[in-house]
Structure formats: structure tokens, C-alpha cells
2 protein chains.
Amino acid sequence: MAKDKQFVTEITPQGEDFSRWYIDVIKKADLMDYSPVRGCIVFKPDGFEIWEHIQEEMNRRFKETGHRNAYFPMFIPESFFQKEKDHIEGFNPELPWVTEAGGDQLEERLAIRPTSETMIGHMYSKWIQSYRDLPVLINQWANVVRWEKRTLPFIRTSEFLWQEGHTAHENETEAREETMQMLEIYRDFVEGYLAIPVITGQKTPSERFAGAVDTYSIEAMMKDGRAVQAGTSHYLGTKFAVAFEIQYLSRDNVLEYVHTTSWGTSTRLIGSMIMVHGDDRGLALPPKVAPTQVIMIPIGPPKTRDAVIGRTDELFKELKSAGIRVRVDDRADVTPGWKFNEYEMRGVPVRLELGPRDMENGVCVLVSRISGEKKVIQQENLVEEVQAMLEQVHNEMFERALKFREDHFYSVDTLDEMKASMEEKRGFALAGWCGSEECESKVKEETGATSRNIPFNPAENKQVCICCGKPAEHTVVFAKAY
Amino acid sequence: MAKDKQFVTEITPQGEDFSRWYIDVIKKADLMDYSPVRGCIVFKPDGFEIWEHIQEEMNRRFKETGHRNAYFPMFIPESFFQKEKDHIEGFNPELPWVTEAGGDQLEERLAIRPTSETMIGHMYSKWIQSYRDLPVLINQWANVVRWEKRTLPFIRTSEFLWQEGHTAHENETEAREETMQMLEIYRDFVEGYLAIPVITGQKTPSERFAGAVDTYSIEAMMKDGRAVQAGTSHYLGTKFAVAFEIQYLSRDNVLEYVHTTSWGTSTRLIGSMIMVHGDDRGLALPPKVAPTQVIMIPIGPPKTRDAVIGRTDELFKELKSAGIRVRVDDRADVTPGWKFNEYEMRGVPVRLELGPRDMENGVCVLVSRISGEKKVIQQENLVEEVQAMLEQVHNEMFERALKFREDHFYSVDTLDEMKASMEEKRGFALAGWCGSEECESKVKEETGATSRNIPFNPAENKQVCICCGKPAEHTVVFAKAY
């Protein structure tokens, strides 16, 4: 019953078929499984724990900026969707409907939330009466459902987990400040925690959230050059306030509509993380969210085995009590080499090796999952050295991803150039755009690329529209998107 | 626009109408609101934060005992329910059904999970092949739906939040140990964290979970003498394993069914906490889960106001950096007396008062929400004194609740006595039971009481059945139940 001595990854190389690589790696690393319900996945413990670490840190940042969590019902009466016309148009095709419950046909169908603007708008109209009730700063962690035609684990599933912030303010200025603050929190979190460099910017009107006045996004480049929208923040103006009559008595004693925002990130962050950092050896998990940050592997011949394991356990306790997520693999029936491959495949950021010679010398070896660097460290400095190595791995991941993005970021002036950027060169294209929906659609038809966003800080300001040649109103990032 | 100087609680006294008291207090203390969907509530931030503290601590205990969190789809194909007949009989009347999605009629209706044994059973059958895959120790935090006829906020709502543990083991002994371990974790948590004394015991067959071999529960007494089942732990035997073909190759190389358990607690813990501890002044929140543990109220005349607020803010920072959840109410437009009443109503465990004289003397005053005790403390010992007072309030709450339960716990020998215990005397009754379903039903018909559980440690062992007079097989706690 011993494990095969020979480690076989069974992972399709990225260069051969990126989609297959992705599925291979998430299955083999035990992050998820398919469920018997179309488009719904099971988050297995290692996949879910990544989400738990994302939640912890986001919660910290949300609370620090004055937000509190609440929970609203997931059922939304059909009539609520009718109140904001852009919203229902955008979401209607994807809604699942509860039509029977407790043995009876329901008088009014209930949608399962695809997002909660309508339910929350209804409640805010009851809660908000006066400027003294403002701002309302609420976030919700919840499951939502969008009945998608094409699904991909973590990236686009029928049911998924997310957070949705919903805030109400006295005026546009404040609401816009909130919108930008949350976008910046997302950027900082995704770069600083998940080691994914992102492009911040504004969505074009055709890519806006259904019901928003303005939508802003952070966009990340996967290793196949496609984009993932990793987070969005919306200024909703007074659109939902008008639809749900969220009015307040102002400081001047006048009845006014509130200005609302909403902002969200979801479990697709997990998918992005995998497609940004993974390689042909498997997953590579950012240290700050990795379920196991350090895997300890005792090595050496049978006669020193007990002694080495004993010392490994002592070092394990030191790391654990310093708050590091560490595990020991002391199985005797698989070789160290097999284990090295296994934990590289699982994306564990740092490997610690300890052998009999190391014990004698009071040292051990740390190995980075990213650079492969081996570092011999003194056991007496264990905790600081491991923390430093985790930090180093985070930085290596961010730098590697940034370099990849820079290497695959093209400034283009013709549709042919853009097409080449999408296909052979697999990346993002920066192009001028006149602002017309016609040109945006034509770009998509001809090249397969959609506008990702109008970046706040483009590397260059393009002068003419890539499609019609008229003066460019905006410089836009185009890409094929997940 | 100043707040009324006169604080009016608008809370119905408990003695007048306990149900109205409950609704008054949860609304006025801003824990929840009704939603437009039948039987579904909104958890407002103060209500939801209680749940967050419950989650944090339970997670800690679950993980310490080797469990990990995962997430399974909320949609369950109708055919899954058909596989375990007791299970479908129990839950069928309460299921909501999704029949349309994405613009199409579904081929097979999807239930929204009332609990996840079936979905998880299906997945475990894929994951478990060998004894080396066991035990599987997984917990899920999720929303579930049971379309209830009569609802009561927190206690029984159509959609609610809960955790459900699902484990699989090699044999009955291990699975039963797990069942008991989790019951004990619940008991210890509910008593030690929520300050609610509970009775642990086994459910009678008629009160078992649909599909369980044995169900164990913790039962708490509300201040109207009624019971709330605050947590349950089930040994499911091989029933779900047989239904979902969860088989493994044993150490002896034989194909065996796993033995499974499940165990759950829900947001009804919040409702229980309120009905156990609240009084005519309002809520009383156990310190360990209170969103605000300490409310600081600066007092004194206008001329010393700035100085007192300045010192209050310094003390605030000390408490906050010690990890205490503290707030300052320095509003000038309401009187201290009004604030005292308000935070008593909101159930804040400890009030801290600081006036100009206190400042001069380097002291301040702590007041317990429960006993009303006022304690003058030295500011230099602030953190320890506040922590001690929080601990004291927790103990006062537990002792008060325990005394209430003891005062309302009756040993009864006739149905008339039991009836009196339920009605005039409003409490629990300990009685003998022959073990027949007929007698159990008759007790319910005549007295309105249901069997809560067969306690592990009854105060007394009853000899004859309260109904038929035959020898008692069990000593049972009966009560009217929520």
C-alpha cells in the first residue's frame, strides 16, 4: 500500500493547454471538486481556507474604515427587480426562481440574489430618515447565484461566495470618495496580500454594473494573457435611491435622495491567484493566504530518523507558536524527493529540510517555492528567518507577476496589432478609443478583446481611436477576459 | 432636534407579555428588522456582530479538535432527498424549490438545503476509498432554509445561518465519541461563552433528527419557562453511508460502510441568549459576545466637559489597545441618565462613568449591567479592573440564569402536576416515562409539553411513567418548547 516512489504530476503543461493545466492543478491540489449541480463547485478545506484568510484580512480593512457586517435575506421578490430597469435587464437572464415552498405555489416568485442592491435598497429606505442616519456603511459576506451558461471553477460558478458593500451618503462627493476608497482597499489588498499586480481604472459604459452611474475595477493578467476583473466598486448615484425611495431630511431640512455605492470581490480571487502564480510544477500560493505556509520534511537514513523527527517537532512548535501555519510530513513510505514535488505542486511557499548533518551543525535548509533558492539558516534564528523567507517569496511572486504583465502589455495602433496581441502574443493591449459603443463592439468582433478599463495611470496617452481613427477620448486597456 | 431628555423604553414588561417583550427589545436594541420576504429577517450590524463573535470562538474550538471548514452547494437535486427515507419525510414539508433558472424550466427541481447530509454524503462517497482517508472532519458555515409556518426572529426563521459539522469514521465507537465530543464543545461554549446553563441529554426517538440513529441536545430555559434546543449532535450510524454508498476498504481489506455524525448550532443561539438574560430594562448581553463590552460616559457640568472628554479619550485608548470592545458616548444633547438607560436597554455589560471629581482623584466608576453594582476603581488599574468586571458580569449572568432554572424546575408525578408546571409555574418538569410513543403523545396533548431530552445527569431518577404508571424506562425533561 506504499505510495509510489515516483512522483507523477499528471499536470498538463501550461504551454500545451492552459485551461487543462488549470483544472488539473485545482483538482490535484485538492482545492475543489465538481458537484452534481450544474456550475456549482465544492470548496474543499484547502480551497476554503484560502477564502477564510481573504475574509479575515478584508474584514480587518473594512472595519478599520468604519464598515460593519450585516446579513440580508437571499430571497428577493420579483417586484423588487422591476424597480430599477437597468438592473433587471442586466440580471434577469441569470436568475434562478423559487416558485414553490412548504408545499405551496408562491404567489410571487422569489429570485435568489445575484447581488443585493434591491433588498438592501428596500431596507435602507426604512432605516434612513435624516442626515443624522448617514452615512450607512454596511458590508455583507454571502453566497450569490448567477445561472451562468459557461462556468469555470472559482472564476465563474452558478453559486459563489463574495462580499458586497453597500453604503449610503448625503451627497455625491462623499459617495464618490467611498467608491474610490474601496477600490484602493481592493488594490492594496490584492497586490499586498495576494501578490497580484492590478490595473485600476474606470469601466466603459458597456461594461458597467447594471444600474451603476460609474464602475471602477481592478484588472489582473493571468498567465495565458487573459484578464480577470478581480474587484469592482460602483458609484450608483441616486438610481437605487429613486427606485427604492431612500430619502432623508437634509441639514437644510429638505427631503433629498441619498447617493449610494456598492463594491464587491468574490471567490474568483482564488481562481485569479492560481492563474497568475501557478506554473508547470503546480500551484504557487501567496504566503499570506496559504493554508500551509511552511512544510517541514525530515530527511536522512533510518538510523537517525527518530532523532531528526524529534528535533523537527521541536522546531515545529517554535514556528507554530509564532503564528506560522506549518506542517510536518514525516511519512516513512514516501521519499523526500516525492514530498518535495508534492508540496511544490500544492504551492506551499516555503519548504524546510532537516537532516542529521544539519542537526549536528544547528542549521536547517529553507527553500523558496518561487525562486528555488536554498538557504542554510541557523536554528537559533528560525522564526525570523522563516518570516523573512515568507516575505521574500511574497515579493518574488509579485515581481514575477509584474514582469510577466509588463512583458505581455502592448501599445497598439491598429486592429491587426491588437489581434496579434491577443493571439500570438497573448496579453493586454493599450489603445485609443473615441468613446463610441460602435467602435468598442467592432474591436470585440474583430479581435475578441473587450475593454477592461480606462486606466488611471496609463503608460502612455493614445491620441486616436484604434477603430475609426478619430481623436481618442480615452486610452483603454483591452484584453480577452474570463 | 435634541433627543428627548426623558428616556422611554417602550418595552412591554416580561410579566405582561413575554413575546411582545422579546419583539420590543430586539427591535429597539437594533439587532434585527423584518424583511419583505415571509419569515426572513435582516441581521442588523449589532445582531450580526454577536454572530461573528460566536463564529470566531466556535471556529477556534472546531479547529483545535481537528476539524476544517469547507463549502458545499446550497442547491440539492430532488433525487438526493429520496435516498434516505426518514430524511425526506422529515424535511419535505419545509423545502423551497427552484424550478426555473436562467430563463429555462429545470429538468429536475432543486431544493435549497435545509441541512446538507445528502449533498455531503454524495461528495464523501467520491472522496472516501480507504481507511487511510478517514476520519473526515468537516464543518460548514452556511445559510439554510426551512419554510416554517410560524416564525420568530432568530429562533425560527425561514432562512437562517448556522454551522453544520459532518464527519465520517471507520467504526461506531469513533463516530459516537465524535458525537459526544461535539455535544460537550457546545455545552462548554454555551455555558462558558453565552452564560446560558444547559441540560445535556439524549432525544427521545420522536424528537430525533430525521435520519439519525441517536440525537443528543443541549436544552436551555428561557425566562418564560419555555425551552430552546440550543444545539444538537447526531450519530447517524451507517444510514447515510448506505443511502449514498460511502464505502471504504478497511484495515482488513474488507469493503465497509463509514459511520457518520452531524452536529449543528444556529443563529437561534442569539434568540436564546436574549430570552435567557434580558429583563424589563432591555437586553443583557454576555460580555464575551457583546458588540460593545464597555460604554464610557463622561459626566459633569459644561465647564469641565472638554477636560473630562479629553481624559475619557485617553482611557478609551487604553481599553481599546487591550482588545476590549469599548465605545464613548460624549453627546451633549442627551443627559447622562438618558444614556444610562439607553445602554442598559442595549445590554452593554459594563458602564464606565467619569466626572470631574473622579478625574481629580484618579478614579472612575464601573457599573455592572446585571447586579447594578457600582465600583470605584483606580485609573491606573483600568484594564485589569474592567476585565475583572466583565468576568464578574459573565458569572452574575450565569448564576442568575442557573438560579432561575432551578427555581423553575419541577419534579412531577402526575399529568396535572406537569400541567401546572407548564402553566402557572412556567418551567421544566422532570418525569418518568415508560418509553412508549403513546404516552409521550398523550403528555403533549394534555399538557402542551414535549420531551426535551433524557438528561445525562437528572437530579432524581423517576420510577414510574407519568402517563401509564408502568415502570419508567427513562427520566425525561419535559417542557413547552420554542
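Here is the naming used below: chain letters follow the sequence lines, and residue numbers restart at 1 for every chain.
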May I ask you to name which of [options] has the most heavy-atom pairs under 4.5 Å with chain A?
{"options": "M74(B), R38(B), E94(B)", "answer": "M74(B)"}
{"options": "E159(B), H122(B), K126(B)", "answer": "E159(B)"}
{"options": "F80(B), F75(B), W51(B)", "answer": "F75(B)"}

Item to check | Enclosure of Q55(B) CD (heavy-atom neighbours >12, cutoff 6.0 Å) | outcome: yes

Item to check | Results of side-chain contact (heavy atoms from CB on, under 4.5 Å) for T157(B) - residues two or more places apart only | outcome: I41(B), F160(B)

Item to check | Residues of residues 143-151 of chain A within contact distance of chain B, non-hydrogen under 4.5 Å | outcome: N143(A), V145(A), W147(A), K149(A)

Contact class of [X] relative to chain A, heavy atoms under 4.5 angstrom:
{"X": "L95(B)", "value": "backbone"}
{"X": "D46(B)", "value": "both"}
{"X": "W127(B)", "value": "side chain"}
{"X": "P45(B)", "value": "both"}

What part of [X] gets within 4.5 angstrom of chain B, counting heavy atoms only: side chain, backbone, both, or neither?
{"X": "M119(A)", "result": "side chain"}
{"X": "E52(A)", "result": "side chain"}
{"X": "E100(A)", "result": "both"}
{"X": "P73(A)", "result": "both"}

Report the distance from atom [atom1] of [X] to atom [atom2] of [Y], rounding to the nearest 0.5 Å.
{"X": "I76(B)", "Y": "C40(A)", "atom1": "CD1", "atom2": "SG", "result": "11.0 Å"}
{"X": "F48(A)", "Y": "N139(B)", "atom1": "CZ", "atom2": "CG", "result": "9.0 Å"}
{"X": "Y34(A)", "Y": "M123(B)", "atom1": "OH", "atom2": "CE", "result": "11.5 Å"}

Next on the checklist: I'd like to know if E49(A) and K63(B) make a salt bridge, using a cut-off of under 4.0 Å between side-chain N and carboxylate O.
Outcome noted: no

Checklist entry - Which residue out of V98(A), N59(A), I120(A) racks up the most heavy-atom pairs below 4.5 Å with chain B? => result V98(A)

Checklist entry - Listed by chain and number, what are the ring pair (Phe, Tyr, Trp, His ring centres under 6.0 Å) partners of Y71(A), not counting sequence neighbours? => result none

Next on the checklist: Taking 4.5 Å as the heavy-atom cut-off, does anything in residues 102-117 of chain B contact chain A, and if so which residues?
Outcome noted: G102(B), G103(B), L106(B), R109(B), L110(B), I112(B), R113(B)

